[in-house]
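We name chains A, B, ... by the order of the sequence lines, and we start the count at 1 in each one.
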Amino acid sequence: SQQGEEDPQALSIQEGENATMNCSYKTSINNLQWYRQNSGRGLVHLILIRSNEREKHSGRLRVTLDTSKKSSSLLITASRAADTASYFCATDGKYGNKLVFGAGTILRVKS
Amino acid sequence: GAVVSQHPSWVICKSGTSVKIECRSLDFQATTMFWYRQFPKQSLMLMATSNEGSKATYEQGVEKDKFLINHASLTLSTLTVTSAHPEDSSFYICSAPPGVDLGNTGELFFGEGSRLTVL
């Protein structure tokens, strides 16, 4: 069953603005990951943050993890039209490599 | 990064027929592959874990006789939707962890997905 919930469900911003997406989960995890999916395509791994990490950066991406609140956020800075996609968080926990995905956030960046 | 190839990318079939979807790891060995199903504007739902050389492990509520999984080699897993019906129409996506030889980081590499439409 899905254990991750994300908000907002949809986000529309102007190019250049920052986009923040949140994810909550229910059980203990080893790591939390964020993936991106362009419409009708497979998923692409963006970033992984381990349960003992609080913040991680990769290019224009910044991920935070609060294990006490069982939540994570993904920040995309200086967004571009090409960032338009669906973004999913995924957790492993006791499942190891078997990831459980959140509901996803549909991001639209308008140029 | 590691590449997972999925074929076909889309298929249309008549109700009652069977459809096979292939998932290949192109540049690494995958002892485990995962099959997900995704309905429009929804998230991915794990259907089953495909294990090389042994039976697949199905998630609760997934009919094993309906969705046959065969992991014949370290680079190939197949999902066969048997006696497909319109309600089986969906986007099916496979994925694989990179494995020890690529430094098992916990991330998954995904195929491009297969869109099945059953008429």
Give a yes or no on whether [X] atom [atom1] has more than 12 heavy-atom contacts from other residues, nucleotides or ligands under 6.0 Å away.
X: K55(B); atom1: NZ; result: no
X: E17(A); atom1: CD; result: yes
X: H57(A); atom1: NE2; result: yes
X: K20(B); atom1: NZ; result: no

When rounded to the nearest 0.5 angstrom, what distance separates [atom1] in [X] from [atom2] in [Y]?
X: L43(A); Y: Y36(B); atom1: CG; atom2: OH; value: 9.0 Å
X: S43(B); Y: Y35(A); atom1: OG; atom2: OH; value: 12.0 Å
X: L46(A); Y: E107(B); atom1: CG; atom2: CD; value: 10.0 Å

I need the minimum non-hydrogen distance between R41(A) and F91(B), along with the two atoms involved.
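Minimum heavy-atom separation between R41(A) and F91(B): O-CE2, 3.5 Å.
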Testing the basics here: between F88(A) and Q42(B), what is the closest heavy-atom pair and its distance to 0.1 Å?
CZ-O, 4.1 Å
With a 4.5 Å cut-off on heavy-atom pairs, point out which of S86(A), G104(A), G40(A) contacts chain B the most.
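Highest number of heavy-atom pairs under 4.5 Å: G40(A).
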With side-chain contact (heavy atoms from CB on, under 4.5 Å) as the test, would you mind laying out the steps for K98(A) and L46(B) before giving the verdict?
CA-CA 8 Å; K98(A) 190 167 71 173; L46(B) 181 65; 2.9 Å; yes
State plainly whether one hydrophobic cluster holds both L11(A) and I47(A), where clusters connect Ile, Leu, Val, Met, Phe, Trp and Tyr through side-chain heavy atoms under 4.5 angstrom apart.
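L11(A) clusters together with I47(A).
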Between M47(B) and M33(B), is there shared hydrophobic-cluster membership here, with clusters defined by ILVMFWY side-chain heavy atoms closer than 4.5 Å?
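As far as the 4.5 Å side-chain criterion goes, M33(B) and M47(B) are not connected within one cluster.
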So which part of Q38(B) gets closer than 4.5 Å to some heavy atom of chain A, the side chain, the backbone, both or neither?
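Only the side chain of Q38(B) comes within 4.5 Å of chain A.
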Which atoms of Q37(A) approach chain B - backbone, side chain, both or neither, heavy atom under 4.5 Å
side chain
Who are the side-chain hydrogen bond (donor to acceptor under 3.5 Å, both in side chains) partners of D66(A), not counting sequence neighbours?
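By the side-chain hydrogen bond (donor to acceptor under 3.5 Å, both in side chains) rule, D66(A) matches S68(A).
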